[in-house]
Number of protein chains: 2
Amino acid sequence: MAKKTRKPIDDRLLDTAIEQFGRNGLEGASTRAIAAAAGTAMSSITYHYGGKEGLYLAAARRIAEQIAGRLAGTLQGAPDPEQLDAEDALAQLVVLADAALGLMLSPESAAWSRFIIREQAEPTEGFEILWDRVMGPVTTRLVRLVQRAGPAGLRPADARVRAVTLFGQVLVFRVARAAALRVTGWRDIGPAQSTEIRRILHAQVRAIVTAT
Amino acid sequence: MAKKTRKPIDDRLLDTAIEQFGRNGLEGASTRAIAAAAGTAMSSITYHYGGKEGLYLAAARRIAEQIAGRLAGTLQGAPDPEQLDAEDALAQLVVLADAALGLMLSPESAAWSRFIIREQAEPTEGFEILWDRVMGPVTTRLVRLVQRAGPAGLRPADARVRAVTLFGQVLVFRVARAAALRVTGWRDIGPAQSTEIRRILHAQVRAIVTAT
DNA sequence: GTCTATACTACGATAGAC
DNA sequence: GTCTATCGTAGTATAGAC
């Protein structure tokens with residue numbers, strides 16, 4: 001099923017599927033509504049993806065592809081953590097955090113994140129796809145950078161937990177966005193707010209990683 | 001399912017509703033399934049709550065009640081942030097973070113969090129209920145403590161963003177639990193892992209809040 | 001390849017028995 | 001207060017026209 005056709009129907013179906021599966025879940029979303037929103041007949045889903053489940057997994061693959069594509073610019077040619085000193089590792093951490101935050105704040109990621117959060121709470125085969133293609137590689141790098149940038153003698157297990165909490169600081173702006181808006185008093189998270197978050201995030205990445 | 005003969009039918013309906021609405025959403029969950037799992041007829045939902053939507057909002061109220069009850073021990077009689085010096089405010093922050101983490105890690109909160117996360121991504125009237133009764137009061141206190149514990153001259157807007165990221169560090173263990181388990185290599189988050197997280201969290205709360 | 005038509009199941013709401 | 005029965009709607013899947 002891993003086809004890379006450029007047929008508009010396929011693409012529109014996938015985009016709509018990500019949106020609606022993210023919003024309503026595998027069971028909650030209806031193939032009729034997805035097909036209608038994509039401007040085609042429901043049976044096209046059967047034809048192209050074998051059914052609802054096939055469409056769902058294809059949507060997961062698509063999300064992984066798109067996130068990987070967005071992060072490619074940051075990860076391509078990025079230095080190997082093992083060969084960095086603490087200061088350079090910290091700088092690379094900030095770069096990675098920036099990229100992750102950009103992802104979380106991008107409007108395009110709203111649908112992806114809904115889909116992914118669902119998979120976190122109730123993992124299916126879709127989680128494996130997402131983990132293997134995006135989350136795994138990125139978190140591996142994240143942990144290595146934390147290990148490198150952290151205080152000498154930082155236990156590997158600690159570095160992993162720190163990496164998770166680091167990720168949480170970025171994640172919260174997507175996952176708890178409604179609450180974050182109320183706490184900050186912002187009406188939306190636009191460029192101005194994004195800059196503010198980034199500034200504070202940089203300081204805190206430094207503080208978290210270097211804390212003894 | 002454990003037999004709870006003493007529990008009134010509407011309580012069993014609410015507990016089941018939280019579980020199933022959290023898992024499948026308002027649209028995805030079916031009143032038939034909820035009623036069946038609660039051991040009653042579907043029409044009981046109409047009788048007690050007026051319909052599906054009424055049950056959903058009642059579930060939101062129930063979640064708010066239960067979380068408030070769990071935090072009551074921590075918040076009751078807790079000192080007013082405005083009257084604390086930086087050090088005591090930091091200590092109170094740690095107490096609050098501990099309570100929040102305990103909430104996130106508790107098995108009972110799994111269903112609640114699914115429900116709440118859904119409301120964050122797609123807020124409905126249920127979000128207002130949750131905000132007014134729990135999130136609002138708790139985050140207000142959180143922001144005040146951060147302001148108090150932070151460096152002198154910390155801008156209020158900064159304190160709010162820091163409060164959000166602080167919350168993210170705790171939230172991540174519930175929301176991105178599947179990923180967190182893979183990153184840490186843990187099979188589950190039990191007492192041992194909980195202690196480890198707590199230890200690191202304390203250090204990082206301190207680091208985040210006092211960072212200049 | 002994309003459509004319409006159809007078979008079958010499950011949904012939420014409601015009426016009425018008890 | 002809780003049940004069963006039933007209505008109209010909407011769901012997925014599939015067959016077949018074009």
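Below, chains carry the letters A, B, ... as their sequence lines are ordered, and counting in each starts from 1. Any value given below was found using the heavy atoms of this structure, including those in side chains, with hydrogens, waters and symmetry copies removed. What you see is a predicted model; the values in this text were computed from it and never measured.
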(request) With rounding to the nearest 0.5 Å, note down the distance linking CG in A/Leu55 to CD1 in A/Ile18. (result) 9.0 Å
(request) Grab the CG-P distance between B/Leu13 and D/dC3 for me, whole Å please. (result) 9 Å
(message) Please tell me if A/Tyr47 has a side-chain N or O lying less than 4.0 Å from either OP1 or OP2 of C/dT2.
(response) no
(request) With heavy atoms under 4.0 Å as the rule, sort B/Ala35 into base, sugar-phosphate or nothing. (result) nothing
(request) For B/Arg32 and C/dT14, give me the distance from atom CZ to atom P, rounded to whole Å. (result) 14 Å
(message) Can you measure B/Ile45 atom CD1 to D/dT2 atom P for me and round it to whole angstrom units?
(response) 12 Å
(request) In whole angstrom, give the distance that lies between atom CD1 of B/Ile34 and atom P of D/dT2. (result) 17 Å
(request) On the 0 to 90° scale, with breaks at 30° and 60°, tag the A/Tyr56-A/Phe21 ring pair as parallel, tilted or perpendicular. (result) perpendicular
(request) Figure out the CD/C1' separation between A/Glu27 and C/dC11, and round it to whole Å. (result) 13 Å
(request) Tell me, yes or no, whether the heavy-atom count around B/Glu108 atom CD, taken from other residues, nucleotides or ligands under 6.0 Å, exceeds 12. (result) yes
(message) With heavy-atom distances below 4.5 Å as the criterion, would you say the side chains of A/Met104 and A/Leu171 are in contact?
(response) yes
(request) Return yes when atom CD of A/Glu128 has more than 12 non-hydrogen atoms of other residues, nucleotides or ligands closer than 6.0 Å, and no otherwise. (result) yes
(message) Take a 6.0 Å sphere around CD of A/Gln66 and say whether it holds more than 12 heavy atoms from other residues, nucleotides or ligands.
(response) yes
(message) For a quick check of understanding: with a heavy-atom distance under 4.0 Å over all strands, which category does B/Ala33 fall into, base, sugar-phosphate or nothing?
(response) nothing
(request) Kindly state which residues belonging to residues 36-44 of chain A come within less than 4.0 angstrom of DNA chain D, counting heavy atoms of the residue only, listed by number. (result) A/Met42, A/Ser43
(request) Report the distance from atom CG of A/Asn24 to atom C1' of D/dA10, rounded to the nearest whole Å. (result) 14 Å
(request) Could you tell me the separation between the OG atom of B/Ser113 and the CG atom of B/Leu103, rounded to the nearest 0.5 Å? (result) 9.0 Å
(request) Report which part of the nucleic acid A/Thr46 touches: base, sugar-phosphate, or nothing (heavy-atom distance under 4.0 Å, all strands). (result) base
(message) I need the CZ-P distance between A/Phe21 and D/dG11, as an integer number of Å.
(response) 13 Å
(request) Nearest whole angstrom, please: distance from the P of D/dG1 to the CG of B/Asp10. (result) 10 Å
